[in-house]
Amino acid sequence: MEQTLSIIKPDAVAKNVVGKILSRFEDAGLRIAATKKIQLSQADAEAFYAIHAERPFFKDLVEFMISGPVVVTVLEGDSAMSKNRDLMGATNPAEAEAGTIRADFAESIDANAVHGSDSVENAVNEISFFFAQREIN
Ligand code: GDP
């Protein structure tokens, strides 16, 4: 069964919509195999987003991701990675399709409510970044 990593970012956690977002996953047929609320350190955020280290928005992205707690979740189901990406909507909420998580809960391209793995290979690495095998059930 395919797995993917979701992060509910600090903006959505602060808005108290964690339950609403997790329900979107469940309503779409994805199962929550693991979940926890954590405060990322600067080193955590820099390591997680290392692929974007050279991008002009990297510093803002790291600062935003450590501005408050996040909820990290392993989602499981058929085509979990692409299903989650469809539920999320476009990176820029202004361009996100109506009914997507980002269209409904995100404010800006920085504060865009959720992260989701963008390939099955990245999902495997991102899941092991946050979770021990015994935490995934
Ligand atoms: P995602 O997979 O849809 O989250 O998008 P990316 O992997 O391309 O980018 C990672 C995160 O960096 C996005 O979710 C945004 O929060 C942020 N980001 C991406 N592009 C930009 C940009 O052009 N400007 C700013 N400020 N942030 C960006």
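Starting from 1, each residue takes its place in the sequence as its number.
In terms of modelled atom types and a separation under 3.5 Å, the side chain of D27 and the main chain of R24 share no donor-acceptor contact. A donor-acceptor pair is defined here as one N or O able to donate and one able to accept, closer than 3.5 Å; no such pair exists between the side chain of K9 and the backbone of F64. Put simply, the side chain of Q39 gets close to the backbone of I66: a donor and an acceptor are under 3.5 Å apart. Between the side chain of N112 and the main chain of A106, no donor-acceptor pair closer than 3.5 Å is present. Between the side chain of T4 and the backbone N or O of A123 there is no donor-acceptor pair closer than 3.5 Å. In terms of modelled atom types and a separation under 3.5 Å, the side chain of E2 and the main chain of M81 share a donor-acceptor contact.
Contact record, P10 with G68: CG-O, 3.6 Å, taken as the closest heavy-atom pair. Shown here for P93 and I109, the closest heavy-atom pair between the two residues is CD-N, 3.8 Å. Annotation for G99 and A103: closest pair N-CB, 4.3 Å, computed over non-hydrogen atoms. The nearest pair of heavy atoms linking D118 to R85 is CB-NH1, 3.9 Å. For A113 against A12, the heavy-atom pair with the smallest separation is O-CB, 3.8 Å.
In this structure, the side chains of Q3 and I136 come closer than 4.5 Å at one or more pairs of heavy atoms.
Pairs passing the side-chain hydrogen bond (donor to acceptor under 3.5 Å, both in side chains) check and including a residue from residues 92-102, sequence neighbours excluded, do not occur.
In summary, of the residues considered (F48, F131, F129), a side chain to side chain contact (heavy atoms under 4.5 Å, CB included) with V72 occurs for F131 alone.
Within the hydrophobic cluster formed by Ile, Leu, Val, Met, Phe, Trp and Tyr side chains joined at under 4.5 Å, directly or through other members, V13 is accompanied by I8, V17, V18, I21, L22, F25, L30, I32, V71, L75, L87, M88, I101, F105, V114.
More than 12 heavy atoms of other residues, nucleotides or ligands sit less than 6.0 Å from atom CD of E26. No more than 12 heavy-atom neighbours from other residues, nucleotides or ligands sit within 6.0 angstrom of NZ on K59.
In this structure, CG on L5 lies 9.5 Å from OG on S128, to the nearest 0.5 angstrom.
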